[in-house]
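First up is the structure itself, then whatever we jot down about it.
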Protein chains: 2
Amino acid sequence: MDDARAGAVFHALSDPTRRQVVQALAQHGSLSASAIAADLPISRQAVAKHLAILSEAGLATSTPAGRERRYDLTPAPMTDAVAWITRTGAAWDDRLARLQQSLNRP
Amino acid sequence: MDDARAGAVFHALSDPTRRQVVQALAQHGSLSASAIAADLPISRQAVAKHLAILSEAGLATSTPAGRERRYDLTPAPMTDAVAWITRTGAAWDDRLARLQQSLNRP
DNA sequence: TCTTCGTGCAACTCCATGGTTGCGGATGCT
DNA sequence: AGCATCCGCAACCATGGAGTTGCACGAAGA
């Protein structure tokens with residue numbers, strides 16, 4: 001039942017702002033919430049909420065560095081989302097195969 | 001910028017009920033909204049709304065069949081979501097490669 | 001030490017959305 | 001024809017979530 005983890009990833013990536021945060025982390029890495037917010041038209045607290053959601057989905061980890069807190073991307077859980085998609089696609093292909101099989105048998 | 005299409009897929013798959021609808025379509029295929037709602041604890045109109053969102057993301061197509069309307073899964077746009085994930089992962093790996101390169105150069 | 005900067009927490013607003021019920025209109029069955 | 005379904009549309013409600021502001025606390029530098 002890793003539908004929950006895949007769902008968390010889907011939910012985390014469903015917001016466009018959150019996707020921008022993920023991409024910022026993917027390109028630069030080890031950014032603070034304020035640093036990310038500097039490149040976005042929203043406040044630091046909004047970014048912090050997004051980072052909390054990303055952390056809850058396992059897509060980001062935070063480490064305190066002095067008086068600021070750095071966030072890093074951990075894209076491993078994205079595998080669960082891809083697995084969900086491929087699994088569903090496989091089920092669909094199976095259904096298609098069964099349909100084709102029943103068509104070949106008049 | 002197919003971030004929009006990937007975003008639509010992420011949004012479509014972010015809801016657990018919608019994922020159940022997708023899985024029902026993946027397994028049986030060509031189901032009506034009422035048939036899907038029969039296996040879920042929600043009303044037919046709620047399922048219809050979910051199907052509308054799935055259609056908007058390109059994940060489902062509907063064809064009128066007599067007095068009912070059949071829905072089929074079209075998992076092609078899921079490729080965009082997977083592409084977004086792999087692209088982001090690739091950027092993250094690049095960042096890691098750069099970090100490692102800068103570490104090897106004291 | 002005092003100031004400054006960055007963070008975390010809490011309260012608040014506002015809109016999107018998942019869900020409902022209640023219709024009227026097509027379509028198929030007897 | 002008449003009835004039973006199945007659908008689509010609209011109105012409505014409640015909750016969640018994205019975003020803001022305000023404030024208090026801890027760490028760095030003057």
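Only a predicted model underlies this, so the values are computations on that prediction, with no experimental measurement involved. Quick note: numbers below take in every heavy atom, side chains included, and nothing from hydrogens, waters or symmetry partners.
Listed by first and then second residue, the side chain to side chain donor-acceptor pair (under 3.5 Å) pairs that reach into residues 7-25 of chain B are B:Arg18-B:His50, sequence neighbours excluded.
Note on A:Ala33: only backbone sugar-phosphate atoms sit closer than 4.0 angstrom, heavy atoms only; bases stay farther off.
Closest of all the heavy-atom pairs between A:Ile85 and B:Ala81 is CD1-CB, 4.2 Å. B:Pro77 and B:Val9 get closest at one heavy-atom pair: O-CG2, 3.5 Å. Here the closest heavy-atom approach between residue A:Ala60 and residue A:Leu25 is recorded as CB-CD1, 4.5 Å. Between A:Ala57 and A:Ala12, the closest heavy-atom pair is CB-CB, 3.9 Å. Of all the heavy atoms in B:Asp80 and B:Ala6, the pair that sits closest is O-CB, 3.7 Å.
Looking only at distances, no side-chain donor or acceptor of A:Thr61 sits under 3.5 Å from a matching main-chain atom of A:Ser55. Between the B:Trp92 side chain and the A:Leu73 main chain, a donor and an acceptor come within less than 3.5 Å of each other.
Of the side-chain N and O atoms in B:His50, none sit less than 4.0 angstrom from OP1 or OP2 of C:dT17. For C:dT17, the OP1/OP2 oxygens have no side-chain nitrogen or oxygen of B:Ser14 closer than 4.0 Å.
One atom, CG of B:Leu54, and another, P of C:dT17, lie 14 Å apart when rounded to the nearest Å. A:Arg70 has its CZ atom 14 Å from the C1' atom of C:dC5, to the nearest Å. Rounded to an integer number of Å, the gap from CG of B:Leu13 to P of C:dG18 is 13 Å. The CZ atom of A:Arg69 sits 16 Å away from the C1' atom of C:dC5 (whole-angstrom rounding). Nucleotide D:dG8 holds its P atom 11 Å from the CD atom of B:Glu68, rounded to whole Å. Atom CZ in A:Arg19 sits about 14 Å away from atom C1' in D:dA18, given to the nearest Å.
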Give each protein N/O atom lying under 3.5 Å from an N/O atom of nucleotides 21-26 of chain D, with the pair distance.
{"from": "D:dG22", "atom 1": "O6", "to": "A:Gln45", "atom 2": "NE2", "distance (Å)": "3.2"}

Could you list the protein-to-nucleotides 13-17 of chain D atom pairs, N/O on both sides, closer than 3.5 Å?
none

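For B:Ser32 and A:Ile42, each mapped to the nucleotide of DNA chain D holding its nearest heavy atom, the one lying further toward the 5' end belongs to B:Ser32.
Applying the side chain to side chain contact (heavy atoms under 4.5 Å, CB included) test to A:Ser30 and every residue at least two apart in sequence or in another chain returns A:Arg70, A:Asp72. The side chain to side chain donor-acceptor pair (under 3.5 Å) test applied to A:Arg67 returns no partner, not counting sequence neighbours.
Note on ring orientation: taking the six-membered ring where Trp is involved, the planes of A:Phe10 and A:Trp84 are perpendicular (angle over 60°, cut-offs 30° and 60°).
Near DNA chain D, meaning a heavy atom under 4.0 Å away, there are no residues from residues 56-66 of chain B.
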